[in-house]
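Structure first, commentary second.
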Amino acid sequence: MDALFDVDEISSKNQRIKELEALIKKYQASYYNGEAEISDADFDKLWDELKLLAPESEILKKVGADSGNFEKARHVMPMGSQEKAADPEQFLAWSEKHVYPEYLVEFKLDGASLELQYSKGVLVRAVTRGDGTIGDDITRNAKKMKGVMHELRLNGEPVDFTGGIRGEVIMTHQVHKEHFSDKANCRNAANGLMKRKDGQGSEYLKLITYDALSTADNSPFNDEEEKLKWLSSLGFNVSPLKICKTPQEVIDYRAFITDTRKNLEYDIDGLVIKERVINMEDAFRARPDRQIAFKFSLEEAVSTLRKVEWSISGSTYTPVAIFDEVELNGTKVQRASLANPDTMRNLGVMIGSKVLVVKRGEIIPKIEQVVMEDGLELSPIPVPCTCEVCGSKLTDEGSRLFCPNKDCSKRILHRLLKFQNVVDIRDFGVTLIENLFKDNRLKSVKDIYSLSKEELVPYFLNEESMEGGKESLGAEKVWNSIQAHREMTLATFVAGFDIDGLGLTQSEKLVAAGFNTLEKLLAASEDQIASVYGFAEISARTICEGFKENGEEMLFLSKNELKIKVAQEGKLTGKSFCFTGELSMKRADCEKLVKDNGGQIKSSVTKDLTYLVTNDTESGSSKNVKAQKLGIPVIDEKAFLAMVE
């Protein structure tokens, strides 16, 4: 069975590679001929998926090809594709291997590449990108564009330069709005105009330059900064240059540009990071390695923090940022977690701060950094000092702000609701629990199992019905449901007590690490828990405090009311599952099926996951891509159900 599964996996992977290569080839052709069918972000997803599945694919080494409407010409300098980083983590990974004294940062212009070829200072040819080596000769059109020098002059004197000058043909937002609003965007419009056979409309385009190469013996510049200054001195438009000392400075600058690029007259879709020295060997590679395109993402945006609300879960107070609404990957958001007081303070965030909000495929957005900007009116974030329910002074440990009063009514109610949810006593609803708590009938978890049918009846029938001797089916249903949940695994039992940092997954890790009885868990020291993979010193201290606070009640229940097992044995014992996407079954039912058959549930894709279950196994979602990268099988619902039927 496993062997067949492996063959199917390989066959599915090869099929996906062929699909990706065909799609990339198709979309490259439309892009380079001025009629892009999909956005850059969507194209990048296809490219990244192919790079993950087949890094040696020939498609990744090719750029594209222009139409057959013009004569062909060879480039002076190659026009290969750059390495890309989609987020700070990827950029930092690149910068660890490319440590420079300083990082030269330019705009990544969102237009169409063009090489101007000069002989002794006179423009002889203008060549599009094409396949990276040969492109279309559109000299007639290029001579109409703003920023294209027909002759090179410096202070009125001719410049004897032979070689190539590379730039990006762009259309400004103003021109697009006034003359070409029927086109999807500025880039598409520029691509289409520059390759018109009749040359009409090229006068609306503008060239911004950023590279040059002399084919003569003497180069007029010695490094990348001098190159830009030389181009500017000749009258060319040049990309703005920012010099950063560290990779973090680059990340901060990118955050600043993410916020301010809306004010530019043209589109950019990222930054290009280079070293100061001109590395000719690297420049002539099909895919240069010494520079990188640090792209903007649809999953990040800059906004202004307006206030911070404190979300209360049990005893813990968590800061939640409220900011001006932004759109992340098609979703409008204006709230993001700040995790805890330490995270909030380390970010240096204040009311009125400009903040970089990211989603990156995660469900809950988060604030990644503060964007420094002068002239902002800032004020400190108020931090609550007392519990809003019992009035106790809150304890601020930095990593956690919480009410220390174990008898706080809000903490007790939250624990009751958490236990019902984790143990999955479905018929024992939230409203009923809240009413029983309000009436002082439920004050602890053990009270759940002492409830009688007679006590539950008044919560389902009015006095008239009870006096008439009517039986309550609702009360009986709830009571039966409670009795049906007197047997559970040790991990489920412990996770139900709402101990901060100890959910079901973490509880399962502790049990798997050898703490396989309640007595062993209650006796565990902070150091012992911290030594388990996935735990740290702070979480271990919180967990030990939770065991100490709830130990007596846990022992009472395990000895008098409940049957606690180490783990459920079944067909899925030793296997773990993560569910994603649309399924025909409810997610909760799928997860219950796993637990009932001895398996484990994971909320994310990690290296120890056994299967990712989704009905769109070919999706380019972050979970699918990560599973493929880690070699984790991605199966559909039908294959999952076959394991337990």
Side-chain angles (χ1 to χ4, degrees), residues 5 313-314 361-364 414-430 433 445 448 480-482 484-513 516 534 562-617 619 621-624 626-627 630 632-645:
F5 182 80
S313 176
E362 298 166 0
I363 296 173
I364 302 172
H414 194 272
R415 179 175 299 134
L416 291 167
L417 294 171
K418 180 68 176 287
F419 191 86
Q420 178 270 344
N421 180 260
V422 173
V423 177
D424 200 23
I425 313 176
R426 294 191 188 182
D427 297 313
F428 193 31
V430 172
I433 292 174
V445 172
I448 294 172
N480 287 335
S481 186
I482 292 171
H485 290 82
R486 285 184 176 272
E487 184 175 319
M488 64 195 71
T489 65
L490 175 59
T492 299
F493 174 69
V494 170
F497 272 80
D498 196 28
I499 297 171
D500 196 55
L502 193 61
L504 185 56
T505 300
Q506 295 298 82
S507 297
E508 288 170 344
K509 285 182 180 179
L510 287 178
V511 173
N516 52 11
L562 306 176
K563 181 180 179 182
I564 309 299
K565 302 176 296 182
V566 175
Q568 184 85 23
E569 292 294 328
K571 296 177 181 178
L572 304 182
T573 298
K575 296 181 174 66
S576 58
F577 297 80
C578 176
F579 294 89
T580 187
E582 292 293 326
L583 302 172
S584 63
M585 291 177 65
K586 289 183 178 178
R587 185 78 57 86
D589 290 333
C590 290
E591 293 179 350
K592 185 176 186 302
L593 204 52
V594 171
K595 294 173 187 175
D596 289 347
N597 283 274
Q600 288 184 323
I601 295 297
K602 292 188 179 293
S603 59
S604 59
V605 176
T606 55
K607 62 182 179 181
D608 57 343
L609 180 68
T610 311
Y611 295 105
L612 176 65
V613 184
T614 174
N615 278 341
D616 188 4
T617 57
S619 164
S621 71
S622 58
K623 283 185 177 178
N624 278 32
K626 188 172 182 181
L630 294 172
I632 295 166
V634 181
I635 62 174
D636 60 20
E637 188 177 358
K638 183 178 178 181
F640 162 68
L641 292 174
M643 294 181 182
V644 293
E645 288 177 353

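In this chain, numbering begins with 1 at the start of the sequence shown.
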Quiz item: Any donor-acceptor pair under 3.5 Å linking the side chain of Q506 with the backbone of G501?
Solution: no

Practice problem: May I have all residue pairs that pass ring pair (Phe, Tyr, Trp, His ring centres under 6.0 Å) and include part of residues 581-603, sequence neighbours excluded? | Solution: none

Exercise. Check I635 against T617 and note the closest heavy-atom contact, atom names and distance.
Key: C-CG2, 3.9 Å

Quiz prompt | N624 side chain vs D616 backbone, donor-acceptor pair below 3.5 Å | solution = yes

Exercise. Return each pair, listed once, that meets salt bridge (Lys or Arg N to Asp or Glu O under 4.0 Å) where at least one residue sits in residues 584-594; pairs must be two or more places apart or across chains.
Key: R426-D589, K592-D596

Quiz item: Once you round to the nearest 0.5 Å, how far does CE of M488 lie from CZ of F419?
Solution: 4.5 Å

Self-check item: Over all atoms of both residues, closest heavy-atom pair of A495 and G503
Solution: CB-C, 3.8 Å

Quiz item: So, the side chain of E508 versus the backbone of Q600: is there a donor-acceptor pair under 3.5 Å, distance only?
Solution: no

Quiz item: Would you say the side-chain atoms of K571 pair up with the backbone N or O of V644, donor to acceptor, closer than 3.5 Å?
Solution: yes

Quiz item: Looking only at atom types and distance, does a side-chain atom of N615 sit under 3.5 Å from a main-chain N or O of G581, one as donor and one as acceptor?
Solution: no

Self-check item: Closest heavy-atom pair and its distance - T606, L630
Solution: C-CD1, 3.9 Å

Self-check item: Heavy-atom side-chain proximity of Y611 to M643 below 4.5 angstrom
Solution: yes

Quiz item: In Å and rounded to the nearest 0.5 Å, what is the CG to CG distance from N480 to D427?
Solution: 9.0 Å

Quiz item: What pair of heavy atoms forms the shortest contact from I564 to T489, and how long is it?
Solution: CG2-C, 4.2 Å

Quiz prompt | Audit row: D608, K602, side chain to side chain contact (heavy atoms under 4.5 Å, CB included) steps and yes/no | solution = CA-CA 10 Å; D608 57 343; K602 292 188 179 293; 3.5 Å; yes

Quiz prompt | Check: L417 main-chain N/O paired with N421 side-chain donor or acceptor under 3.5 Å | solution = no

Self-check item: Pairwise side-chain contact, L504 with I601, heavy-atom cut-off 4.5 Å (strictly under)
Solution: no

Exercise. Not counting sequence neighbours, which residues clear ring pair (Phe, Tyr, Trp, His ring centres under 6.0 Å) with F493? List them please.
Key: F497

Self-check item: Heavy-atom side-chain proximity of C590 to L583 below 4.5 angstrom
Solution: yes

Self-check item: Beyond-backbone contact of T492 with V422, side-chain heavy atoms, under 4.5 angstrom
Solution: yes

Practice problem: Taking all heavy atoms of S507 and all of A491, pick out the closest pair and write down the distance. | Solution: CB-O, 3.5 Å

Quiz item: Are D424 and K595 close enough that some pair of their side-chain heavy atoms sits under 4.5 Å apart?
Solution: no

Quiz item: Measuring from L490:CG to L562:CG, what's the distance to the nearest 0.5 Å?
Solution: 11.5 Å

Quiz item: Between F640 and F577, is a ring-ring contact (aromatic ring centres under 6.0 Å, His included) present by the stated rule, with each step listed?
Solution: CA-CA 9 Å; F640 162 68; F577 297 80; 5.5 Å; yes

Practice problem: Would you indicate whether the side-chain heavy atoms of L510 and L502 approach each other to under 4.5 Å? | Solution: yes

Practice problem: Mind listing the closest non-hydrogen atom pair of L609 and C578 along with its distance? | Solution: CD1-N, 3.6 Å

Practice problem: Supply the atom-to-atom distance S603 OG to K623 NZ, rounded to the nearest 0.5 angstrom. | Solution: 7.0 Å

